[in-house]
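Take a look at the structure below.
Position 1 is the first residue of the sequence; numbering continues from there. In each ligand, atom 1 is the first atom listed, and ligand 1 is the first ligand listed.
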Amino acid sequence: MNNRPSVEVCFTPNLFPLHMDNAEFVVVIDVLRATSAICTAFHNGIDKVIPVSTVEEALEYKKKGYLVAAERKGQIVPGFEFGNSPYSYMNKNLKGQTLVITTTNGTKAFHTASQAKEVIIGSLLNLDAVSSFLKKQNKNVLLLASGWQNKFCLEDTICAGAIADQLLSSGDFVCDQDSSIAAKYLYLSAKENYLGYLKSSSHRRRLKKLNLNEDIKYCLTPNQTDVVPIRENNYLINSK
Ligand code: MLT
């Protein structure tokens, strides 16, 4: 019983070094919207996703003819065709392609986790799929919330709490950190109405100002896909 794996929550990327020691699987979460966009891209047949940290790197890939997405502060970076809206990836013409993506926080969190043994991508869209994937691995899990410029974000923490709740309810995982307990309680208070619960959250307000309400609603709708993007070298593939 004592050697059950752990599931813990890290609230922001800058806290990652404090939490990473035991982690075998890191789940990068950016509900609004980077990891939701990545899951949607795989669900619609994208083959490979290369997350890059800077717009300059993204531009280099663009010059080489790649399909490239670049977002900063919620908006598509001028000169790029794609940003972070999951709706952009609901396009069967993108099937089989490689997507290069840079975003304000989500792709940075992915790189923060670069030292982790294994990295997967989580969102509310693939909530159950991620939880069942992790249950099968039987390894220590760290749920890394991308936050906003290293500040705490409610939606990522709620998603982390939802995954933690599923793993803990299985009886096969334990948690020790107060961040994990807090994330779980936030999820339990939010789960009946994510949209309402997040009404005044900072990134929801930011995206609403940009008329991205449909994106918000979609990203807050659990279990739209069973993809589980997993890191392989410096890119992501669908684990299935
Ligand atoms: C990010 O990576 O910071 C977010 O996905 C921002 C956004 O919603 O466009």
Looking only at N/O atoms, are [X] and ligand 1 under 3.5 Å apart anywhere?
{"X": "Arg33", "answer": "yes"}
{"X": "Trp148", "answer": "no"}
{"X": "Leu207", "answer": "no"}

Which ligand 1 atoms does [X] reach within 4.0 Å, using its non-hydrogen atoms?
{"X": "Ala34", "value": "2 (O), 5 (O)"}
{"X": "Gly74", "value": "9 (O)"}
{"X": "Thr104", "value": "1 (C), 2 (O), 3 (O)"}

(message) Among all the protein's non-hydrogen atoms, which is closest to atom 1 (C) of ligand 1, and how far away is it?
(response) Asp30 OD2, 3.0 Å
(request) Considering only non-hydrogen protein atoms, determine which one is nearest to atom 3 (O) of ligand 1 and report residue, atom name and distance to 0.1 Å. (result)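 Of every protein heavy atom, Asn105 ND2, 2.7 Å lies nearest to atom 3 (O) of ligand 1.
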(request) Please answer whether the main-chain N or O of Thr35 pairs with a side-chain N or O of Asp30 as donor and acceptor at a distance below 3.5 Å. (result) no
(message) I need the minimum non-hydrogen distance between Ile101 and Gly83, along with the two atoms involved.
(response)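 For Ile101 and Gly83, the tightest heavy-atom pair comes out as CD1-O, 4.4 Å.
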(request) Mind listing the closest non-hydrogen atom pair of Gly106 and Ala34 along with its distance? (result)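 Looking at all heavy atoms of both residues, the shortest contact is CA-CB, 3.8 Å.
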(request) For ligand 1, indicate whether the residue Glu71 contacts it via side chain, backbone, both or neither (heavy-atom separation under 4.0 Å). (result) side chain
(request) Would you kindly specify which portion of Leu32 sits under 4.0 Å from ligand 1, judged on non-hydrogen atoms: side chain, backbone, both or neither? (result) backbone
In the structure I gave you, are the side-chain heavy atoms of [X] and [Y] within less than 4.5 Å of one another anywhere?
{"X": "Leu67", "Y": "Tyr61", "result": "no"}
{"X": "Val228", "Y": "Phe42", "result": "no"}
{"X": "His111", "Y": "Pro51", "result": "yes"}

(request) Using the test side chain to side chain contact (heavy atoms under 4.5 Å, CB included), find all partners of Gln166 that sit at least two apart in sequence or belong to another chain. (result)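 With sequence neighbours excluded, Gln166 shows a side chain to side chain contact (heavy atoms under 4.5 Å, CB included) to Leu127, Asp128, Ser131, Lys135, given in chain and number order.
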(request) Just jot down the side chain to side chain contact (heavy atoms under 4.5 Å, CB included) partners of Glu118, sequence neighbours excluded, or say none. (result)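 So Glu118 forms a side chain to side chain contact (heavy atoms under 4.5 Å, CB included) with Phe25, Ile230.
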(request) Work out whether the distance between some heavy atom of His203 and some atom of ligand 1 is less than 4.0 Å. (result) yes
(message) Please state which option from Thr35, Asn84, Thr103 has its nearest heavy atom closest to atom 5 (O) of ligand 1.
(response) Asn84
